[in-house]
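Structure first, then comments.
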Amino acid sequence: MNPDLSWVLNDVLQVRGARHAILVSADGLLLERSSDIDRDAAETNAAAMSSMQSLSRAVAPFVGSGLGLWKQTLIEYDGGWIFLIAAGSGAYLAVSAALDVDMEAMSFRMQQQVGALGKAMTTPPRQNAGADA
C-alpha cells in the first residue's frame with residue numbers, strides 16, 4: 001500500500017512562486033509528484049535530485065571541519081530556483097520556484113511539511129502486540 005502523500009506537495013505549492021514539487025527516494029525513485037508536472041519529467045528530475053543530494057553531502061566538509069552536515073541545497077537558474085531538503089530517512093523533497101519566490105517562506109514551509117511527513121509516516125508501537133495471539 002502506497003500512502004497518498006500529495007498533501008505534502010500541495011501545501012508547499014501554496015507559496016507564491018512555487019511551480020513544481022516532487023518527493024524522491026534516496027535511490028532516485030519518484031515517490032510523489034505535484035499534478036502540474038508530468039510523470040516522465042518528474043521521474044527524470046527525481047533521479048537528478050537524488051544525485052544532487054548525494055553531491056551536496058559529498059562536498060559538505062568544504063564548509064569546514066566538523067561543520068558539514070547537509071541541510072538544504074538551493075540552486076539558482078536564469079528562470080528560478082530549486083530547493084532540495086531531506087524529508088526523513090531516505091527521502092527528499094524538491095521544489096522548483098520562480099525567481100521572485102519568497103525564499104524564507106518556501107524554506108520554512110518545506111521544513112514544516114517535512115516535519116509533518118515524518119509524523120505521518122511513523123507508525124506508533126501497538127499496545128499488547130501479540131499478547132492476544
Side-chain angles (χ1 to χ4, degrees):
M1 179 179 110
N2 291 334
D4 177 16
L5 302 173
S6 61
W7 59 270
V8 174
L9 306 182
N10 292 337
D11 191 69
V12 297
L13 291 178
Q14 297 303 309
V15 175
R16 185 185 54 79
R19 292 183 176 149
H20 309 293
I22 56 175
L23 194 58
V24 181
S25 71
D27 57 357
L29 296 177
L30 178 66
L31 299 175
E32 189 69 61
R33 65 184 169 98
S34 57
S35 60
D36 55 346
I37 184 171
D38 68 57
R39 177 163 288 285
D40 287 343
E43 287 178 349
T44 298
N45 283 288
M49 293 303 158
S50 175
S51 296
M52 193 175 298
Q53 69 78 25
S54 180
L55 287 170
S56 295
R57 288 178 191 279
V59 299
F62 187 62
V63 171
S65 179
L67 302 173
L69 182 61
W70 177 77
K71 300 282 187 181
Q72 175 176 288
T73 298
L74 179 63
I75 302 173
E76 181 180 12
Y77 295 90
D78 286 341
W81 298 92
I82 291 177
F83 295 78
L84 177 64
I85 65 171
S89 180
Y92 304 93
L93 175 61
V95 177
S96 69
L99 280 173
D100 63 348
V101 69
D102 182 335
M103 296 173 72
E104 183 178 3
M106 178 58 76
S107 290
F108 181 74
R109 182 73 59 95
M110 289 175 74
Q111 290 294 335
Q112 281 184 315
Q113 288 309 104
V114 164
L117 178 64
K119 290 176 186 165
M121 297 296 286
T122 301
T123 305
R126 294 184 299 173
Q127 298 297 328
N128 299 325
D132 296 333

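Just so you know, these numbers come straight off a predicted model, no measurement behind them. Atom set for the values below is all heavy atoms of this structure, side chains included, hydrogens, waters and symmetry mates excluded.
- The side chain to side chain contact (heavy atoms under 4.5 Å, CB included) search around A48 returns none, not counting sequence neighbours.
- Atom-to-atom distance recorded for M49:CE and T44:OG1 is 11.0 Å, nearest 0.5 angstrom.
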- Message: If you apply the rule side-chain contact (heavy atoms from CB on, under 4.5 Å), what do you find for M106 with F83, and how did you get there?
- Response: CA-CA 8 Å; M106 178 58 76; F83 295 78; 3.8 Å; yes
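- Side-chain contact between L99 and W81 is present, with heavy atoms from C-beta onward closer than 4.5 Å.
- In terms of the salt bridge (Lys or Arg N to Asp or Glu O under 4.0 Å) criterion, residue partners of D100 (sequence neighbours excluded) are, by chain and number, R16.
- Residues M103 and L74 have side chains in contact (heavy-atom distance under 4.5 Å, counting atoms from C-beta outward).
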- Message: Could you walk me through whether L93 and L9 satisfy the side-chain contact (heavy atoms from CB on, under 4.5 Å) test, starting with their C-alpha distance in whole Å, then the side-chain angles of each, then the deciding distance to 0.1 Å, before giving a yes or no?
- Response: CA-CA 9 Å; L93 175 61; L9 306 182; 3.5 Å; yes
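- The side chain to side chain contact (heavy atoms under 4.5 Å, CB included) test applied to S25 returns D27, L29, L31, not counting sequence neighbours.
- For R33, the side chain to side chain contact (heavy atoms under 4.5 Å, CB included) partners two or more places apart in sequence, or in a different chain, are I22, L30, I37, R39, A42.
- Considering every non-hydrogen atom in both A18 and V95, the closest pair reads CB-CG1, 4.4 Å.
- Closest approach of V114 to G88, counting heavy atoms only: CG1-N, 4.3 Å.
- Checked against salt bridge (Lys or Arg N to Asp or Glu O under 4.0 Å), R19 has no partners two or more places apart in sequence or in another chain.
- Atom OG of S34 and atom NE2 of H20 lie 6.5 Å apart (nearest 0.5 Å).
- Scored by the side-chain hydrogen bond (donor to acceptor under 3.5 Å, both in side chains) test, Q72 finds S107 as partners (sequence neighbours excluded).
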- Begin with the C-alpha distance, continue with both residues' side-chain angles, and end with the deciding distance and a verdict on side-chain contact (heavy atoms from CB on, under 4.5 Å) for V24 and Q53. CA-CA 10 Å; V24 181; Q53 69 78 25; over 6 Å; no
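- When the salt bridge (Lys or Arg N to Asp or Glu O under 4.0 Å) test is applied to D36, no partner is found at least two apart in sequence or on another chain.
- Residues A87 and L23 come closest through the heavy atom pair CB-CD1, 3.9 Å.
- For the side chain to side chain contact (heavy atoms under 4.5 Å, CB included) test, residues two or more places apart in sequence or in another chain that qualify with T73 are M52, S56, W70, I75, L84.
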